[in-house]
Every structure is written in structure tokens, then in C-alpha cells.
K.L.:
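This structure is in C-alpha cells; I'll ask about it shortly.
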There are 2 protein chains.
Amino acid sequence: MAKTNKNQDTEGQILEAAKDVFQKKGMDGARMQEIANEAGINKAMLHYYYRSKQLLFEAVFSNAFSLLAPQLNKILNDDSSIENKIKNFTSNYISFISKHPYLPNFIIQELNRNPKFFEKIQQNTAFPTLEKFKNQVSAEVEKGILKPTDGEQLFINIISLNIFPFVATPLIKGFLKIDEKGFKQLMEQRKTAVSEFIINSIKK
Amino acid sequence: MAKTNKNQDTEGQILEAAKDVFQKKGMDGARMQEIANEAGINKAMLHYYYRSKQLLFEAVFSNAFSLLAPQLNKILNDDSSIENKIKNFTSNYISFISKHPYLPNFIIQELNRNPKFFEKIQQNTAFPTLEKFKNQVSAEVEKGILKPTDGEQLFINIISLNIFPFVATPLIKGFLKIDEKGFKQLMEQRKTAVSEFIINSIKK
DNA sequence: TTATGGTTTAACCATTTGGTTAACAAAGAT
DNA sequence: ATCTTTGTTAACCAAATGGTTAAACCATAA
């Protein structure tokens with residue numbers, strides 16, 4: 001069994017290895033040889049399947065981004081109340097990122113390196129927009145459910161509180177003098193602490 | 001006038017150029033030649049004054065970090081009330097970073113690349129600790145000024161809300177469909193919006 | 001004036017790195 | 001069986017890059 005076909009999904013192995021290396025080291029720090037080693041194949045295969053480092057990188061980046069986009073959609077385009085959305089998003093997002101710890105930093109870093117990537121991605125992925133969220137905030141303010149609140153600022157606050165600790169993990173570990181275990185505990189607490197913090201602030 | 005001395009502070013020019021290049025491109029993306037060009041001198045001078053890329057980088061990094069540390073001290077080791085600290089810090093920090101936009105991302109990125117830097121820095125710089133802040137939060141909770149609040153989580157929230165938008169600028173510009181001007185406006189609003197948001201949440 | 005010492009430069013070097021090539025291997029098609 | 005296509009590899013290449021060197025430069029102390 002196994003090994004009937006020659007190409008045991010080499011392409012997939014490459015993408016997997018590339019994901020690991022690129023997410024840990026970034027475009028500039030990553031080495032094609034290291035990706036090949038990690039995939040257990042010859043370096044020439046990387047070019048056979050993906051032509052260039054740049055294209056391989058873009059494949060990984062698109063992939064990562066399209067993993068994150070649906071997460072954001074949960075808060076932007078869903079029909080529950082703002083309060084429920086915040087609760088769900090916070091808890092889900094922290095769970096999700098705990099499984100993909102390099103993801104947010106990778107995306108942010110590479111977006112800073114080359115902001116044009118955003119446009120490139122925007123076309124491929126089904127892209128979340130803010131309109132609905134802003135309207136919903138206005139509506140709930142009007143109804144007296146929320147205090148006067150700017151939807152854009154609220155959106156920034158939500159993603160800041162949820163994403164930042166995973167982007168700045170070493171900084172937080174350093175200041176709080178905690179190790180990986182302590183960090184995980186803290187993030188576990190944040191699944192509820194963050195949404196409470198936000199809701200306390202905006203709910204009338 | 002001028003040009004009496006041979007070494008017109010070449011060392012300083014190098015550091016300045018290195019700062020620019022390293023902060024924009026990171027350790028891996030930076031090129032010694034580019035730093036030399038930006039400083040308008042021969043590449044060999046970089047090695048004459050700083051021995052190696054690694055050491056030049058560390059000089060820049062230490063410098064950047066010791067610029068940021070005092071900012072954090074404002075919130076950690078100062079005698080005003082929690083509420084006032086948050087107000088002052090938020091406003092000051094956003095002003096400060098607007099003048100050094102690459103700083104937070106640079107530090108976070110390079111700390112992720114090599115978390116050991118933290119220890120290296122911790123020895124040099126007068127290093128802010130969380131003890132005082134945590135005690136103060138507990139005290140104000142006890143006195144009934146604040147709702148029950150965990151000091152560590154509050155600290156994370158404060159720095160998340162203040163720093164994240166500057167780390168993830170391209171992301172935010174993308175989602176909100178705004179340009180540099182719109183972004184600056186938004187950050188200007190945040191000088192008060194963020195502290196109100198936090199205080200609304202924790203004040204009894 | 002001329003040694004002297006730090007400063008600066010052009011040329012050079014070894015290594016790394018992304019990418020290519022040519023030969024080979026394994027299936028599938030005929 | 002043999003031809004053809006696809007997958008895979010070792011060896012190779014040119015460019016880039018961090019770093020070195022030896023000579024030139026130049027302010028100044030003797």
C-alpha cells in the first residue's frame with residue numbers, strides 16, 4: 001500500500017513546508033533550501049511547482065489570509081446583536097489563533113513589508129467589509145442599547161484587543177514575566193475577559 | 001566654520017541611516033550597502049565603527065527600545081490615579097508614535113525573530129516592571145473606584161489598544177478604506193477615544 | 001617639515017542564495 | 001515493447017552580500 005503514485009502530493013508538502021518556514025522567518029529570512037529540507041525534497045522541485053520564491057510566498061500568504069478572513073466575517077456579517085457578536089468573535093478568535101500562533105504576525109509583518117499585497121488579496125478572497133457592522137452599531141446606539149459609539153473605532157478596538165497579544169507575545173511574556181504556560185492561561189482568561197471589557201464599555 | 005574636524009560624526013550618521021533602513025526593512029531585509037548609501041559613506045566604514053551587521057543592528061535596536069521604555073514607565077511608575085495615567089498615557093503615546101511610526105512594528109518584529117533580545121535589553125535599559133501598577137489597580141478596586149479588574153489584563157488591554165493600530169496600519173487602512181490622511185485623523189480621535197473607552201469599562 | 005595615528009576608500013574575497021540545466025526515473029499511452 | 005510525458009535529482013551558475021585589506025588621506029603633534 002501507499003507509494004503507488006510517483007507524486008505523493010509533493011505540491012502539498014511543499015506548501016506545508018513553505019508555510020512553516022515563511023511564517024516563522026518571513027519572506028526575507030526564509031531560505032528556499034530550508035523549505036526544501038523541511039519538505040524532504042530537492043530544491044529544484046520548489047521551482048518546478050512554484051516557479052519562484054516570490055510566487056511560493058504569495059501562495060502561502062493568500063492561503064493564510066483566506067484562513068483569517070472568515071474569522072473576521074463572523075463579526076462583520078452575521079445577524080446577531082453586537083453584544084453577541086463580540087462575545088462569539090472574541091472566544092472563537094482566541095481559540096482559532098491559539099492553533100495558528102504565527103498567523104497574525106506573519107500577515108501583519110508581510111503587509112507592512114509590502115502594503116500592495118492587500119489589493120492583490122482583496123480580489124481573490126471573499127472580502128469582509130465594514131458597512132454592515134457600522135450600520136448595526138448606529139442602529140443599536142439609536143435604540144438605546146449602546147452608548148454613543150463610533151463603529152470604526154469600535155472595530156479597531158475589538159481587533160486590537162484580540163489580535164495584539166498574539167502579535168506581541170514576546171513583549172507580553174517579558175513584561176509579565178511569564179512563560180508559554182502562563183501565556184496560554186492568560187489567553188484562556190481573555191476569551192471572556194476581553195468581551196466583558198468591551199461590553200462594559202459600550203453597553204448602556 | 002564647519003569641517004574643521006575630519007570625522008564629522010560619521011558614527012552618528014551611520015546610526016541614523018541604519019535606523020532608517022533597519023526599521024523599514026528589518027534585520028533580514030536590510031542591506032549594509034543600502035545603509036552606507038543612505039549615510040553617504042563607504043560600506044567599509046560600517047564595519048570600521050560597528051564591526052558587523054549584527055552589532056550595528058543591536059545598536060539600533062537598543063536605541064529604539066530605550067526610546068520606548070520611558071513611555072511605558074509613564075503608565076507603570078507614576079503616582080497619579082489609574083484614570084489619569086490612562087488618559088495621559090494614551091494621549092502621549094499616540095503623539096509619540098505618530099512621530100516614530102516604524103518603531104513599534106520594528107521592535108515587535110525583531111523580538112519575534114529573536115525573543116532572547118528581550119533579556120539582552122532588560123539589563124541595559126532601566127526596565128519598567130508591572131508591580132506598582134498591579135498594586136495600584138488592586139487598591140483602587142478595594143476603594144471602590146474601579147470595578148473588579150485584573151491588573152495584568154488591564155495592562156494588556158491598554159497597550160493593545162494603543163499600539164496595535166500602529167503595528168497593523170496597512171490592515172486597518174485596508175479594512176476601513178482610508179489613506180494616510182484618514183488614518184492620521186482616526187489616530188487623532190483615538191487620543192481621547194481610547195482612554196474614554198477604557199475608563200468607561202473599568203470605572204465604577 | 002615630517003612623522004604619526006586615526007579615518008576613508010576602492011578593490012577584493014568567500015560564501016550564500018535563488019534559480020537553471022541536463023540527465024535520469026517512473027508512469028501512462030500507443 | 002517503446003515512445004512520451006511528468007516528476008525528480010545532482011551539479012552547476014551568476015548575482016548578491018557581509019566582510020576584509022591595503023593603500024591613500026589628512027589633521028596635528030613633534
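Naming: A, B, ... by sequence-line order, numbering from 1 per chain.
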K.L.:
Within this structure, what is the CD1-to-C1' distance between A:Ile41 and C:dG19, rounded to whole angstrom?
P.N.:
15 Å

K.L.:
Given D:dT9, C:dT9, C:dG19, identify the nucleotide with an atom nearest to the side chain of A:Met32.
P.N.:
C:dG19

K.L.:
Could you tell me whether A:Asp79 atom CG has more than 12 heavy atoms of other residues or ligands within 6.0 Å of it?
P.N.:
no

K.L.:
Rounded to whole Å, how long is the line connecting atom CG of A:Asp9 with atom C1' of D:dT8?
P.N.:
15 Å

K.L.:
Under 4.0 Å between a side-chain N/O of A:Tyr49 and OP1 or OP2 of D:dT8, yes or no?
P.N.:
yes

K.L.:
Could you give the CG-to-P distance, from B:Leu46 to D:dT17, as a whole number of Å?
P.N.:
14 Å

K.L.:
Check the pair A:Glu119 / A:Lys116 against salt bridge (charged side-chain N to carboxylate O under 4.0 Å, His left out), numbers first and verdict last.
P.N.:
CA-CA 6 Å; A:Glu119 299 151 33; A:Lys116 286 170 199 156; over 6 Å; no

K.L.:
Can you check the A:Glu11 CD to D:dT6 P distance for me, whole Å?
P.N.:
14 Å

K.L.:
For A:Met27, is there any backbone N or O sitting under 3.5 Å from a side-chain donor or acceptor partner on A:Glu110?
P.N.:
yes

K.L.:
Nearest to the side chain of A:Tyr48, heavy atoms from C-beta on, is which of C:dG6, C:dT9, D:dG7?
P.N.:
D:dG7

K.L.:
When the distance from CG of B:Leu55 to P of D:dG18 is rounded to whole Å, what number comes out?
P.N.:
14 Å

K.L.:
Any idea which of D:dT9, C:dG19, C:dT7 is nearest the A:Lys43 side chain?
P.N.:
C:dG19

K.L.:
Honestly, is A:Arg113 close enough over A:Phe57, meaning NZ or CZ under 6.0 Å from the six-membered ring centre and within 45° of the axis?
P.N.:
yes

K.L.:
What's the CZ-P distance between A:Arg51 and C:dT20, to the nearest Å?
P.N.:
7 Å

K.L.:
Output the rounded distance in Å from OH (A:Tyr50) to P (D:dT8).
P.N.:
13 Å

K.L.:
Let me spell it out: for each of B:Asn42 and A:Met27, pick the nucleotide of DNA chain C with the closest heavy atom. Which residue's pick is nearer the 5' end?
P.N.:
B:Asn42

K.L.:
Take atom CD of A:Gln33 and atom P of C:dT16, then tell me their distance rounded to the nearest Å.
P.N.:
12 Å

K.L.:
Counting only side-chain N and O atoms of B:Arg31, is one of them less than 4.0 Å from OP1 or OP2 of D:dG18?
P.N.:
yes

K.L.:
Which nucleotide in the list D:dT8, C:dT7, C:dA10 gets nearest to the side chain of A:Met45?
P.N.:
D:dT8

K.L.:
Using a heavy-atom cut-off of 4.0 Å across all strands, would you classify B:Ala30 as base, sugar-phosphate, or nothing?
P.N.:
sugar-phosphate

K.L.:
Is B:Lys53 side chain donor-acceptor paired with the D:dG19 base, going by distance under 3.5 Å alone?
P.N.:
no

K.L.:
Does A:Thr10 place a side-chain N or O at less than 4.0 Å from the phosphate oxygens OP1/OP2 of D:dG7?
P.N.:
no

K.L.:
Kindly check if the number of other-residue, nucleotide or ligand heavy atoms within 6.0 Å of NZ (A:Lys191) is above 12?
P.N.:
yes

K.L.:
If you check the A:His47 side chain, which of D:dG19, D:dT6, C:dG19 turns out closest?
P.N.:
C:dG19

